[in-house]
Amino acid sequence: MSDRLRLDQAAKILLGVWMAGIVVAMFLVVPQYVGLGDAGRIIILHVPTAWITTVAFAVSAVYSIRYLWKRRASDDAGAVAAAEAGFLFCALATVSGMWFANIVWGTPWNWDPRETTILILLLIYAAYFALRSALDDVERRRRLSAVYNLFAAVTMPFLLFVAPRMAESTLHPNCAFIQGSHCDGIWLELNGARVGQLGDVVLALQGIEQRGDLAVAQVEVRMPGLREVALLTPSFELSSGKPADRPEFPGQQFLLAVEGVDLTNGRVLLNMEAPGTGLLSNSRTFWTFMAANIGFLGLFIWLYRLRADVLLLQDRLARREVAYELPA
Amino acid sequence: MRMGEPLRLVANDVAIEYGARRVLAGVSFELRTGETLVVTGANGSGKSSLLRVICGLQRPARGMVTIEVNGTVLRPSEALHLLGWVAPDLHLYRELTALENLTFFAAVRGMRCNRADLEALLADVGLGGRGDDLLAAYSSGMTQRLRYAYALLHHPRILTLDEPTVTFDARGVALVEQVIARQRERGITVIATNDPREERFGDYILRLGRERL
Amino acid sequence: MDPRVSPQSTVEASTTTAPPKAPLLTAAWAVFRKDVRSELRTRYALNAILLFAVSTVVAMSLGMGPLTTSRNADLPIIHAALLWVAILFAAFTGLARAFVQEEEARTAAALRLSARPTAVFLGKLWFNLALLLLIVAVTTTLFVVMLRVQVGNPGLLAALLLAGSLGLVAATTLIAAIIARASVKGALFAVLSFPLLAPLLVVAIQGSANALAGRGWESGVGALQVLAGYTIALFTASLFLFNNVWEP
């Protein structure tokens with residue numbers, strides 16, 4: 001008993017020191033990035049919180065299965081605690097992400113696939129809590145909220161499958177983290193599909209011109225909040241095979257680039273670029289990032305177990321009141 | 001008379017709580033084929049809840065009720081076909097007629113009953129010729145009679161009657177006596193009542209008090 | 001079997017240990033027929049939903065009247081989104097009724113004591129599907145007529161509406177059973193259903209926009225596949241989870 005307590009104590013201190021170290025490293029170890037400035041440091045906070053959100057959802061679902069299986073109050077407490085901690089991390093990830101997006105992309109919200117999924121997840125958590133508060137009978141509350149939790153978990157794969165297909169590309173750096181999301185941009189052709197969508201921006205290819213070594217594309221751009229149609233002319237260096245001129249989307253801070261040209265067929269590969277790609281190729285950033293993931297995971301586990309214990313204690317106290325008919 | 005296989009209804013330490021209020025603490029009993037139990041007690045002593053627990057319509061806070069046939073304990077889904085329940089809490093579909101109600105309940109139980117069977121059942125409970133009336137037009141006494149038709153439709157071996165004669169006239173009381181006498185030959189009866197005259201039906205009497213610890 | 005049981009005494013046979021278990025689909029069909037009959041007699045859900053659908057479409061056509069294809073290339077996607085929003089909200093007003101009615105009229109206990117949970121679920125699911133298909137048919141017809149929508153590929157649109165309805169019913173029937181046990185019912189139904197319906201809505205709206213714009217079947221096959229997968233997954237999950245919802 002006392003051994004366990006001492007171990008718990010040690011783990012808590014270690015976690016505190018670890019997290020403090022991460023905060024320091026976030027500002028002293030992680031370098032500044034071109035185009036991102038200090039905003040790039042948010043990767044240390046934002047990505048682990050977003051990741052923990054999904055871990056929390058899965059943990060909560062597993063507890064819900066266990067509850068329906070064994071009907072133990074402790075499993076329900078675990079499911080609620082994991083959902084509450086997950087909701088907290090979900091809100092943190094959303095707010096930190098919107099803040100970063102506003103600074104770096106010039107817009108707090110653009111229905112990026114990951115923005116869509118985290119918003120729906122936030123709504124599911126909120127619905128779960130709303131359901132719990134609407135059920136008076138304790139046993140029924142536990143049972144029905146566990147059912148809802150699992151039912152919601154069944155729809156998650158569809159959301160993860162559908163969301164990336166809502167838009168042809170993502171502004172998020174490192175697409176690799178999300179399966180099925182297109183980082184590849186979109187091919188538009190003069191004689192075929194001229195119109196395509198990147199994020200919530202609608203693009204229409206109007207023409208391609210060759211000027212010496214440069215291929216210049218004329219692209220009509222429409223986006224929410226933009227009154228007029230804008231004409232952008234990104235270009236592509238044929239000899240090096242790299243984008244040359246990358247104009248900014250009007251009113252935003254992300255860029256339109258031509259990443260490939262097929263002059264004979266009149267085809268252009270268009271993509272949007274946001275600063276921040278390749279952030280993790282810096283080893284100092286990478287290791288701080290990994291440490292942050294471990295730290296936040298530890299923080300989550302500590303938080304939800306603490307909350308689960310409190311919930312169980314509350315439940316026991318309520319039962320004791322029943323047994324002795326104490327006035328509520 | 002046919003008794004069917006030996007039947008046992010066992011309540012083991014059944015406790016019932018409503019939120020923070022405990023209405024029943026640790027009731028145990030055991031009944032066998034042919035036996036009748038009368039449960040009495042003041043309002044709020046948990047009589048109705050105990051009957052609901054027996055029928056699997058309510059989950060006890062502690063303990064359990066088991067039904068055994070031939071020594072094997074039935075799963076709740078198997079026990080459904082053995083249980084009949086009459087209670088002021090029992091509501092049928094008011095927008096349907098009595099016959100439509102009975103036809104529906106027979107169909108979901110997988111019974112093949114024709115109209116004549118159901119009309120005979122209605123006549124048995126004193127509702128002969130009223131089968132095509134909507135329940136919304138039924139008086140409280142007729143509603144109570146229809147509850148008997150609902151409960152006896154599948155000839156349950158365990159019949160639970162909550163306030164069996166409530167809203168009944170003298171003929172209705174005679175009907176209840178007849179039902180209880182017949183049930184004695186078929187299986188087990190549990191009656192919850194406040195009427196001292198009904199205590200005579202019971203082989204055993206369980207008196208519930210306000211529980212205090 | 002007991003040799004004494006004669007053919008005409010089917011009722012007596014039910015006193016033996018193994019009572020005749022109602023065939024699942026027969027019992028489910030009985031629940032469905034009961035619900036239809038009750039609904040036709042009371043029109044609790046029907047009147048409200050149909051009037052709701054009419055008001056929504058009229059409100060939309062009042063606001064959207066001047067929009068024409070020549071002035072707006074995005075018209076198919078706008079129309080598709082509006083149509084699905086109208087269907088979604090009509091569904092939110094009506095689809096919880098089947099379970100809420102049982103709890104409010106307090107008939108759930110009688111049903112619980114007589115029918116297998118799966119039969120109840122299937123019966124209510126069919127009833128909801130019938131109700132929703134009616135809603136969809138009425139809403140879509142009104143929508144097309146009053147907003148003068150040009151439907152380029154009516155077959156594809158019909159297929160998407162059918163597949164979307166199946167998914168919508170598969171997702172909301174279990175939730176209706178859940179909220180029927182809660183203290184605040186109406187608002188909770190939409191709150192719990194919407195996040196789960198998000199993938200369905202996205203796919204259905206995009207597919208329907210293609211159908212309105214007159215693109216071929218190949219533009220809607222992907223959407224139909226996702227909707228079918230969604231329906232099957234949620235239906236299967238509902239079958240597993242419903243017992244836990246229906247138990248007292």
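Naming convention: chains lettered A, B, ... in sequence-line order (proteins, then strands); numbering from 1 in each chain.
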- [ ] Take atom CZ of C:Phe89 as the centre, draw a 6.0 Å sphere, and report whether it contains more than 12 heavy atoms from other residues, nucleotides or ligands.
- [x] no
TODO: Kindly indicate whether the side chain of C:Ser114, heavy atoms from C-beta on, has any atom under 4.5 Å from the side chain of B:Tyr150.
DONE: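 They are in contact (side-chain heavy atoms under 4.5 Å apart), so the answer is yes.
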- [ ] Answer whether the closest heavy-atom distance between the side chains of C:Thr107 and B:Leu92 falls below 4.5 Å.
- [x]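 When only atoms from C-beta onward are counted, B:Leu92 and C:Thr107 do not touch, as no gap falls below 4.5 Å.
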Heavy-atom cut-off 4.5 Å, strictly under: side chain, backbone, both or neither for [X] against chain C?
X	answer
B:Asn101	neither
B:Leu7	neither
B:Leu80	both

- [ ] Go through the atoms of C:Ser38 and report whether side chain, backbone, both or neither lie under 4.5 Å from a heavy atom of chain B.
- [x]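 Both backbone and side chain of C:Ser38 come within 4.5 Å of chain B.
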TODO: Check whether C:Ala119 gets within reach of chain B through its side chain, its backbone, both or neither, counting any heavy atom under 4.5 Å.
DONE: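 Interface part for C:Ala119: neither.
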Task: For chain B, the option from C:Arg37, C:Glu247, C:Gln101, C:Arg112 that forms the most heavy-atom pairs under 4.5 Å - done: C:Arg37
Open item on the list: At under 4.5 Å between heavy atoms, what parts of residues 191-201 of chain C are in contact with chain B? List them by residue number.
Closed with: none
Open item on the list: Between C:Arg41 and B:Glu100, does any side-chain N to carboxylate O distance fall below 4.0 Å?
Closed with: yes
- [ ] Drop me the distance from C:Thr42's OG1 to B:Arg94's CZ, to the nearest 0.5 angstrom.
- [x] 12.5 Å
Tell me the closest heavy-atom pair linking [X] and [Y], and the distance in Å.
X	Y	result
C:Leu113	B:Trp85	CD2-CB, 3.4 Å
C:Pro248	B:Leu57	CB-O, 3.0 Å
B:Leu90	C:Ala110	CD1-CB, 3.6 Å
B:Gly110	C:Pro23	CA-CD, 4.4 Å

Open item on the list: Determine whether C:Glu102 and B:Tyr93 satisfy the following criterion, side chain to side chain donor-acceptor pair (under 3.5 Å), listing intermediate values before the conclusion.
Closed with: CA-CA 9 Å; C:Glu102 298 278 0; B:Tyr93 299 99; 2.7 Å; yes
